[in-house]
Participant: 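First, the structure itself, so that you have it in front of you.
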Amino acid sequence: MIRDEIQLLVAQAVEAAQAAGALPAFAAPEVHLEHPGRPEHGDYSANMPMRIQGLARMKAIEVAEALRAHVGTHPAVSEVRVAPPGFLNFYLDPTWVASQTEVIIAAGEGYASNTMGTGQKLQVEYVSANPTGPVHVGNGRGAAIGSTLANVLGAAGYKVEQEYYVNDAGTQIAVFTRTLYARYQQLFDRTVEIPENGYPGEYMVEIAQEIKDAEGDRYLRPEGEEPDPALGNEGISRMIAQIREDLGLLGVHYNRWFSERSLQEPGGAYETAMGILKSQGHVIEREGATWFASSQLGESKDNVLIRSDGQPTYFASDVAYHYDKFIGRGFNRVIDIWGADHQGHVSRVKAAVTAVGGNGDDLDVLLYQLVTLKRGDVVVPLSKRAGEIVTLRDVVSEVGADAARYFFLTPSAGSTMEFDLDLAKQQSDENPVFYVQYAHARIASVLARAAEQGSSSASADVSLLQHDAEQTLIRRLLLLPEVVELVVSSLETHHLPSYAASLSQSFHAFYTQCRVITEDAALTSARLRLLEATKLVLARTLGLMGISAPEQM
RNA sequence: GCCUUCGUAGCUCAGUGGAUAGAGCACCGGCCUCCGAAGCCGGUGGCGCAGGUUCGAGUCCUGCCGAGGGCACCA
C-alpha cells in the first residue's frame with residue numbers, strides 16, 4: 001500500500017538526516033501520516049518534524065527542511081514540500097495515480113484485501129437474542145454490525161466463523177413454556193391467564209396456533225397441570241426458525257447456531273469449565289451458592305455460578321461457552337457483539353476466559369448503544385414484554401434490507417441512534433444508500449451503452465486520466481485498502497458507509513464534469529477503464545457491508 | 001453514590017492529537033437540444049460549560065451540566 005511506502009520514506013529520511021549530521025541522534029517515534037483536508041497540502045502529510053522538534057532541539061520548520069533534503073525518491077511521489085509550522089507534505093504523481101486504475105482492475109474482487117489475519121481462526125458472535133420472542137430493531141443493529149465485521153475480517157485473511165448463541169436453557173425458557181401453554185389452552189377454550197412476567201406478545205398466540213394446527217391437542221394436559229416441556233421445545237424451535245428467517249431477510253447468515261443447553265450435557269463444556277475453575281481455586285461456596293471468586297482476579301465483585309437452588313446462572317453458561325470457544329474449538333480470537341445493556345458483563349467474562357486457561361485479551365467485546373425507536377416524535381418501546389413490538393421483519397419490509405443495513409451501519413457503535421420509522425418509510429427515495437447504489441447503477445448503464453456502440457476499454461491508455469475530477473476519483477479508489485485496515489484494527493464498521501458516500505460523491509462529480517463516451521476513442525477507452533475500476537470498488541465496498549450493488553434501479 | 005457510553009449545523013450523524021470542522025435531510029439560488037437530474041455547482045448554519053496537558057485539542061486529562069446504559073442467587 002502506498003501509505004506504508006511513504007511511511008517508510010519518512011522513517012528513512014530521519015535516519016539519513018541523522019547519519020548526515022543534519023539532525024542529532026535520538027530514537028524517532030513511529031511515523032504518523034494523515035490525509036490533509038485540503039488538496040493543496042498534498043495527498044499524505046507527515047507531522048514528524050513537529051513531534052521531534054523537542055528531541056532535535058530545533059525549530060519544526062528546520063527539522064522539516066532537513067528531512068526533505070533526505071527523503072528518497074519514489075516513483076509514486078512527484079514532490080515533497082515543507083509547510084508551516086512543520087508539515088512534510090507528499091504529493092502523488094498524477095501519472096502514477098492514473099496507472100493505479102489498471103492495478104485495481106487487476107486485483108479484481110480481491111482489491112483491498114490484506115493479510116492482517118492470515119492463519120488466525122476467529123469467531124464473531126452476534127445478536128444471540130433470547131429465543132423467547134422475535135428479533136427487534138435493536139437486534140438489527142447488532143446484526144448489521146456483526147455480519148459486516150465478519151465480511152471485513154474475512155477480507156483481512158481471518159478464517160471467520162459467525163455464530164448465534166441460542167439461550168435455550170434457564171428460567172426464561174420455563175416462563176416461555178408456561179406462556180405458550182396458556183395460549184395453547186386458550187385455543188381449546190380453556191379460561192387460562194398467561195403467567196405473571198410472561199410474554200404477552202401476539203406472536204405467542206400465533207405460535208400456539210401453529211402448533212395446534214400441526215399437532216392438534218397432543219400437548220394438552222388435564223386442567224391445572226404443568227405444561228409438557230416438549231411443548232416448550234417445539235415453541236422454541238419454531239421461534240428460532242423465525243429468528244433465522246428474519247435475520248436472513250436482512251442478509252445475515254450464520255455458520256452455526258450454538259445451543260446453550262448443549263453445554264450442560266454430561267462431560268460437556270460446562271462440567272469441564274467448572275472443574276477447571278475449582279481445581280484452580282477460583283470457586284468458593286458461600287450462602288448456599290457457588291461463586292466465581294473473581295474479586296481475587298481484580299474484579300470489583302464475585303459472581304454467582306450456581307444458585308442456592310442448584311440452577312446454574314447465565315454467567316456460568318457463559319463461562320462454559322467461552323471455554324468451548326477458546327479451548328474446545330481453538331479460536332485464536334473471539335469477538336462478541338453485545339448491546340450496551342450488557343456492559344457490566346464484559347470484564348467478568350474476560351476474567352473467566354483467563355481463569356479457564358485462555359487469554360482474556362483474545363476476547364474483544366464490542367458494545368453497541370441501544371436503538372431508540374420512534375414514530376415521528378413518539379418513542380416506541382422495544383421491550384419484548386411491552387404491548388407493541390416492532391420487529392426487525394417489520395422494519396426490513398418497510399425500508400428494505402439495503403437501506404436498513406446502511407442505516408444501522410452509519411453511526412459509530414458507541415453512539416445511540418434514533419430510528420424513526422416514519423422517516424425511514426419516507427426515505428425510500430431519499431435514503432443515502434440510494435446515492436451510493438445509484439452511482440453503481442449509473443456506471444453499469446454507461447458501460448452497457450458503450451458496449452452497444454462498440455466502444456471498448458481494451459488496450460486503454462489510462463495515463464490519459466489527468467483531469468482533476470478523474471484524479472480525485474482515482475485517489476478515492478486508492479483509499480479502500482486503508483479503510484479496510486482501519487475497520488480491522490478498530491473493529492469500527494461505520495467507516496464503510498462514510499467511505500462509500502465519499503467515493504460516490506467523487507464519482508458523481510466526475511460524471512458531471514467528464515463525458516465518458518465521446519468521439520475521442522482513446523479518451524473514451526481510458527474513461528471506460530476508470531468506470532470499470534470504480535464499479536469494482538463500489539461493488540466491493542457495498543459487498544463488505546452486505547448491501548447489493550444493482551446494475552439498474 | 002460508583003462504573004460506562006455519549007453531547008459537533010434546525011434534524012440524523014461523520015471527523016486516525018494537526019493547517020480554513022464535513023456529509024445527508026431541511027431551507028435559498030443556479031445547472032439537462034448531449035452517456036441515468038435518485039445527479040452536479042453555490043449559499044445560510046455548529047464543537048454543552050470551565051480548567052489543564054501539548055508546538056498544536058472537536059479529539060487526551062480533571063471538574064461541572066445534560067442524556068442513555070449498567071451496578072441481582074435476571075438474562
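Throughout, protein chains are lettered first and strands after them, A, B, ... in sequence-line order, and every chain is numbered starting at 1.
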Participant: Take D336(A) and K350(A) through the salt bridge (charged side-chain N to carboxylate O under 4.0 Å, His left out) test and state the conclusion after the steps.
Facilitator: CA-CA 11 Å; D336(A) 289 353; K350(A) 287 191 177 205; over 6 Å; no
Participant: Tell me the interatomic distance from F315(A), atom CZ, to A72(B), atom P, rounded to whole angstroms.
Facilitator: 14 Å
Participant: Could you walk me through whether K374(A) and E418(A) pass the salt bridge (charged side-chain N to carboxylate O under 4.0 Å, His left out) test, one step at a time?
Facilitator: CA-CA 7 Å; K374(A) 300 177 94 172; E418(A) 286 192 358; 3.5 Å; yes
Participant: Rounded off to whole Å, could you give me the CD-to-P distance for the Q7(A) and U16(B) pair?
Facilitator: 16 Å
Participant: According to the Watson-Crick and G-U wobble definitions, with both distances under 3.5 Å, which nucleotide is paired to U33(B)?
Facilitator: none
Participant: Expressed as a whole number of angstroms, how long is the span from Y406(A):OH to C13(B):C1'?
Facilitator: 11 Å
Participant: I need the CD1-C1' distance between I61(A) and A19(B), as an integer number of Å.
Facilitator: 11 Å
Participant: Can any side-chain N or O of Q53(A) pair as donor or acceptor with the backbone N or O of M50(A) at less than 3.5 Å?
Facilitator: yes
Participant: Which one, A75(B), U20(B), U16(B), comes nearest to the side chain of R38(A)?
Facilitator: U20(B)
Participant: Using the C1' atom in both, what is the distance from G18(B) to G1(B), to the nearest Å?
Facilitator: 40 Å
Participant: Roughly how many Å apart are G22(B) and U59(B), using the C1' atom of each and rounding to a whole number?
Facilitator: 15 Å
Participant: To the nearest Å, give me how far apart CG (D168(A)) and P (A75(B)) are.
Facilitator: 13 Å
Participant: Has Q172(A) got a side-chain atom pairing as donor or acceptor with N167(A)'s backbone, closer than 3.5 angstrom?
Facilitator: yes
Participant: Remember a base hit wins even if backbone is also touched, and classify H495(A) as base, sugar-phosphate or nothing at under 4.0 Å, heavy atoms.
Facilitator: sugar-phosphate
Participant: Please tell me if S415(A) has a side-chain N or O lying less than 4.0 Å from either OP1 or OP2 of A14(B).
Facilitator: yes
Participant: Taking only the side-chain heavy atoms of Y435(A) (C-beta and beyond), determine which of A19(B), G39(B), A38(B) contains the nearest atom.
Facilitator: G39(B)
Participant: Give none if C71(B) has no partner; otherwise give the nucleotide forming a Watson-Crick or G-U wobble pair with it, both distances under 3.5 Å.
Facilitator: G1(B)
Participant: Evaluate whether the aromatic ring of H342(A) and the six-membered ring of the G70(B) base sit under 5.5 Å apart, centre to centre, with an inclination under 30°.
Facilitator: no
Participant: With a 4.0 Å cut-off, would you call E5(A) and R3(A) a salt bridge?
Facilitator: no
Participant: Does N47(A) make a side-chain donor-acceptor contact with the base of G18(B), cut-off 3.5 Å?
Facilitator: yes
Participant: Side-chain donor or acceptor of T313(A) under 3.5 Å from a matching atom on the base of A72(B)?
Facilitator: no
Participant: Using the P atom as the point on both nucleotides, what is the distance between G17(B) and C13(B), in whole Å?
Facilitator: 23 Å
Participant: Give a yes/no answer on whether the side chain of Q53(A) brings an N or O atom under 4.0 Å of OP1 or OP2 in G18(B).
Facilitator: no
Participant: Using 30° and 60° as the class boundaries, would you call the ring planes of W338(A) and H322(A) parallel, tilted or perpendicular?
Facilitator: perpendicular
Participant: Among the nucleotides C40(B), G69(B), G68(B), which one has an atom lying closest to any side-chain atom of A509(A)?
Facilitator: C40(B)
Participant: Using a strict threshold of under 4.0 Å (side-chain N to carboxylate O), is an ion pair present between E551(A) and K535(A)?
Facilitator: yes
Participant: What is the separation between atom CH2 on W338(A) and atom P on U5(B), rounded to the nearest whole Å?
Facilitator: 16 Å
Participant: Could you tell me whether E163(A) and K325(A) have a side-chain N and a carboxylate O separated by less than 4.0 Å?
Facilitator: no
Participant: When you compare G15(B) with A9(B), how far apart are their P atoms, in angstrom units rounded to a whole number?
Facilitator: 15 Å
Participant: What integer distance in Å separates Y368(A):OH from G69(B):C1'?
Facilitator: 13 Å
Participant: Using a 4.0 Å cut-off on heavy atoms, which residues in residues 292-311 of chain A reach RNA chain B? List them by number, or say none.
Facilitator: V304(A), R307(A), S308(A)
Participant: Tell me: CZ of F176(A) to C1' of C74(B), nearest whole Å?
Facilitator: 18 Å
Participant: Write down the partner of G7(B) under the Watson-Crick or G-U wobble criteria, each distance required to be under 3.5 Å.
Facilitator: C65(B)
Participant: Taking 4.0 Å as the cut-off, does a side-chain nitrogen or oxygen of H494(A) come that near to OP1 or OP2 on G15(B)?
Facilitator: yes
Participant: At under 4.0 Å between heavy atoms, how does the protein contact nucleotides 26-37 of chain B? Give one character per nucleotide, 5' to 3', with B, S or -.
Facilitator: S-------BBBS
Participant: Could you please spell out the steps behind the side-chain hydrogen bond (donor to acceptor under 3.5 Å, both in side chains) verdict for R475(A) and Q471(A)?
Facilitator: CA-CA 6 Å; R475(A) 283 171 163 84; Q471(A) 286 280 315; 2.6 Å; yes
Participant: From A19(B), A75(B), A14(B), pick the nucleotide closest to the side chain of H41(A)?
Facilitator: A19(B)
Participant: Quick one about R261(A) and N233(A) (side-chain donor to acceptor, distance below 3.5 Å, no hydrogens or angles considered), yes or no?
Facilitator: yes
Participant: For A19(B), which nucleotide in any strand shown is its Watson-Crick or wobble partner with both distances under 3.5 Å?
Facilitator: none
Participant: Nearest to the Y314(A) side chain among G68(B), C55(B), A75(B), which nucleotide is it?
Facilitator: A75(B)
Participant: Under a 3.5 Å distance rule, please check whether T148(A) uses its side chain to pair with a backbone N or O of A144(A) as donor and acceptor.
Facilitator: yes
Participant: Which glycosidic conformation, syn or anti, is assigned to C32(B) if syn requires a torsion within 90° of zero?
Facilitator: syn
Participant: Per the atom types in the model, does the base of A75(B) pair as donor or acceptor with the side chain of D318(A) at under 3.5 Å?
Facilitator: no
Participant: I want to verify a distance call: between A75(B), A19(B), C41(B), whose nearest atom is closest to the A83(A) side chain?
Facilitator: A19(B)
Participant: Any donor and acceptor pair, going by atom type alone, linking the side chain of R141(A) with main-chain N or O of G339(A) inside 3.5 Å?
Facilitator: no
